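None of these values were measured; they are calculated from a predicted model. Throughout, protein chains are lettered first and strands after them, A, B, ... in sequence-line order, and every chain is numbered starting at 1. Values below: every heavy atom of this structure, side chains too, minus hydrogens, waters and symmetry copies.
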Amino acid sequence: MVSTKVAPSVPTKLSSHLGHRLVKAALNVGDFRRAQQLFDNIPQPDPTTSYTLISALTTYGLPHEAIRLYASLWARGIKPHNSVFLAVAKASGASGDVLRVKQVHDDAIRCGVISDVFLGNALIHAYGKCKCTEGARRVFDDLVVKDVVSWTCMSSCYVNCGLPRQGLAVFHEMGRKGVKPNSVTVSSILPACSELKDLKSGRAIHGFAMRHEMMENVFVCSALVSMYARCLSVKPARLVFDLMPHRDVVSWNGVLTAYFTNKEYEKGLALFSQMRSKVVKADEATWNAVIGGCMENGQTDEAVEMLRKMQSMGFKPNQITISSFLPACSILKSLRMGKEVHCYVFRHWLVWDLTTLTAVLYMYAKCGDLNLSRNVFGMMHRKDVVAWNTMIIANAMHGNGKEVLLLFESMLQSGMRPNSVTFTGVLSGCSHSRLVEEGLQIFNSMGRDHQVEPDANHYACMVDVFSRAGRLVEAYEFIQRMPMEPTASAWGALLGACRVYKNVELAKVSASKLFEIEPNNPGNYVSLFNILVTAKLWNEASKARILMKERGITKTPGCSWLQVGNRVYTFVVGDKNNMESDKIYDFLDELDEKMKLAGYKPDTDYVLQDVDQEEKAASLCSHSERLAVAFGILNLNGQSSIRVFKNLRICGDCHNVIKYISKDVGVTIIVRDSLRFHHFRNGNCSCQDLW
DNA sequence: ATAGGGTTAG
């Protein structure tokens, strides 16, 4: 066979000058191969030629080729020029391979060029891209002269590596050292405030930006919009957006997210249609934000519709689309839909994307099927800290404390560094399984062994660890010793346990704190009310109820749902709207008789109304979770388990009844309430009765 | 010459 196309031959032994011109010409027509072949034939290439070619290869997504070329220089005995180091530093960062960056770093030290501030900055950035904060820090600390870029790179390195606190610390230190942040610094530090939901710092930086005339900068403003969005302040987000002189697609995406994450779904959609009439064109991220927004707000049909529209506009769902679509499959309670998406992931080779697989894993866990989560976790070719964290959290919410500890152990053994989320997961695993000593030990090891300082969240987890184990006084002491203002979740954990362990005094203390911190949360009033009623303190109970009424707070209606076949069935208390309502109540009555014979007494503590005993019992029998479970049992269709979801915490009496059903009918009943999963099997529950 | 904003675990 003779080729009809003859490739232009590559001249040998090019002069530096001619070589440079030919390489540039080849790059201009996009022929990287030829450019590299030409380069190989220049015995003494100019640094400019090396720089140009390495940069071009990096820019066009061929960082490994760029690094290969750099290595060939060494092999030919040519010591690279500073500018070449700069180019290859960038290439090594783009490769994502920390060993490459380390190699360039070492070479630069050996050649004595490391004190070059430009090169140092590029190396900090490269280490940051490989998520290696230690490497970046070493370069940063070794820099004799640090400019604003050095500081900016160092702080955004921390932010991008999931260490927003350290990022902010560097930002503040830079101010103290008299280096003035510029608009790049500001736009890259704001995501740290978003991550931490630190509205105070965010506002301060906003002020700084205004005083230094940065409010015309589209990067700064978009970052501000997102910061306010994530700190749940829609109004300022919108205000910044409205005052922007120019808005690009990122600014629009930010303000859309602001509405969606703050439950103003309609306004978000309205803005989305407004956006389409503007010059700005929706991009992939816009569609992802909108689909995520539909999902977060429970608008699944709309989300499916948007997914269709997105595709018809020529965009392909990517990892992020999947990741924002999947959580809803679990909110949506529909394992079937989640499995369909999982198949899509397989068909489109997205299994190589860790984020996507992690989202699939988490979806299965939230749908109540931890075994499927384990399968996905097992087939990950590589596990990052998020994957480990998600698996730990998945087990924690299912009450598998022992497995949580094992996972944590193997995570450490694999050399993975835990972060603050890891500890939230591990500690909540301990709390749900009454592992007090283990929890305390791990809590104490956080700063000492792992350089993660406990935050308010971790303290709240520890309060929960003590509380769920019934060590209420220790829990209370622990709250009082917190170095920061205790959050609602800390007091909430204590209050919840006061209900289980019937401690009126501490309940009153924690409730009064909760009324200050979150006066509009109906759950707190209801909890206190129930505790007081249980203690037969009718007077005080009615006072709590009056307080609630005066503040115009209404109880969130309890509601439970489950999927049978392709449909999701929803139940509220006393629901009679289901086609099979008669059968459901008959089933429950029959069950009631059986249980009475077995010596069971309904726990009437869990009824809100102050009514007579018989009526109380009747009201208990019609709690939404009980109706949903009964409906599931009547529609088993040969399955050995059912999955029920409830928006509030499960009722203690229903918990008893469902335990009984699981034994009587011989099925596994999985109930996810607002806090965790309960696996009922053979008369027991995985929560060890810490409902 | 080196650095930047939006969608992803709690």
Would you kindly give the [atom1]-to-[atom2] distance between [X] and [N], to the nearest whole Å?
X         : N      : atom1 : atom2 : value
His81(A)  : dA1(B) : NE2   : P     : 14 Å
Lys131(A) : dA9(B) : NZ    : C1'   : 13 Å
Tyr127(A) : dT2(B) : OH    : C1'   : 16 Å
Leu86(A)  : dA3(B) : CG    : P     : 8 Å
Asn318(A) : dT7(B) : CG    : C1'   : 8 Å
Lys129(A) : dT2(B) : NZ    : P     : 13 Å
Trp287(A) : dT8(B) : CH2   : C1'   : 20 Å
Met416(A) : dA9(B) : CE    : C1'   : 14 Å

Self-check item: All ring pair (Phe, Tyr, Trp, His ring centres under 6.0 Å) counterparts of His206(A), not counting sequence neighbours
Solution: Tyr228(A)

Practice problem: Could you pull out all residues at least two apart from Phe171(A) that satisfy ring pair (Phe, Tyr, Trp, His ring centres under 6.0 Å)? | Solution: none

At 4.0 Å (heavy atoms only), tell me whether [X] reaches a base, stays on the sugar-phosphate, or touches nothing.
X         : value
Ser188(A) : sugar-phosphate
Ser156(A) : nothing
Val148(A) : nothing
Ile393(A) : sugar-phosphate
Ser251(A) : base
Ala285(A) : base
Asn182(A) : base
Ser150(A) : nothing

Among [options], which is the nearest nucleotide to the side chain of [X]?
X         : options                : value
Ala223(A) : dT8(B), dG5(B), dG4(B) : dG5(B)
Ser183(A) : dT7(B), dG4(B), dG5(B) : dG4(B)
Ser187(A) : dT8(B), dG5(B), dT2(B) : dG5(B)
Arg230(A) : dA9(B), dG4(B), dT7(B) : dT7(B)
Val250(A) : dA3(B), dA1(B), dG5(B) : dG5(B)
Val386(A) : dA3(B), dA9(B), dT2(B) : dA9(B)
Thr390(A) : dG5(B), dA9(B), dA3(B) : dA9(B)
Val149(A) : dT2(B), dA9(B), dG5(B) : dT2(B)
Phe219(A) : dT2(B), dG5(B), dT7(B) : dG5(B)
Tyr51(A)  : dA9(B), dT2(B), dG4(B) : dT2(B)

Practice problem: Mind telling me whether Phe260(A) and Tyr265(A) have parallel, tilted or perpendicular rings, with 30° and 60° as the class edges? | Solution: tilted

Exercise. List the steps and the verdict of ring pair (Phe, Tyr, Trp, His ring centres under 6.0 Å) for Trp388(A) and Phe408(A).
Key: CA-CA 8 Å; Trp388(A) 282 102; Phe408(A) 181 59; 9.7 Å; no

Exercise. Please lay out, stage by stage, how Lys309(A) and Glu302(A) fare under the test salt bridge (charged side-chain N to carboxylate O under 4.0 Å, His left out).
Key: CA-CA 10 Å; Lys309(A) 275 190 193 157; Glu302(A) 190 76 25; 5.4 Å; no

Counting distance alone, no hydrogens or angles: does the base of [N] have a donor or acceptor under 3.5 Å from a partner atom on the side chain of [X]?
X         : N      : value
Asn82(A)  : dA1(B) : no
Thr152(A) : dG4(B) : no
Ser222(A) : dG5(B) : yes

Exercise. Tell me, please, which residues at least two apart from Arg238(A) pass salt bridge (charged side-chain N to carboxylate O under 4.0 Å, His left out).
Key: Asp242(A)

Using a 3.5 Å cut-off and no angle test, enumerate the donor-acceptor pairs between side-chain atoms of residues 79-87 of chain A and protein atoms at least two apart in sequence or in another chain.
{"unit_1": "His81(A)", "atom_1": "ND1", "unit_2": "Ser83(A)", "atom_2": "N", "d": "3.2"}
{"unit_1": "His81(A)", "atom_1": "ND1", "unit_2": "Ser83(A)", "atom_2": "OG", "d": "3.2"}
{"unit_1": "Asn82(A)", "atom_1": "ND2", "unit_2": "Asp116(A)", "atom_2": "OD2", "d": "3.3"}

Practice problem: Determine, stepwise, if the pair Phe272(A) / Trp252(A) fulfils ring pair (Phe, Tyr, Trp, His ring centres under 6.0 Å). | Solution: CA-CA 9 Å; Phe272(A) 178 55; Trp252(A) 278 92; 9.7 Å; no

Exercise. Could you check which residues of residues 202-209 of chain A get a heavy atom under 4.0 Å from DNA chain B? Sort them by number, please.
Key: none

Quiz item: Side-chain N or O of His125(A) less than 4.0 angstrom from OP1 or OP2 on dA3(B)?
Solution: yes

Exercise. Please list all pairs passing the salt bridge (charged side-chain N to carboxylate O under 4.0 Å, His left out) test where one or both residues lie in residues 377-390 of chain A, with sequence neighbours left out.
Key: none

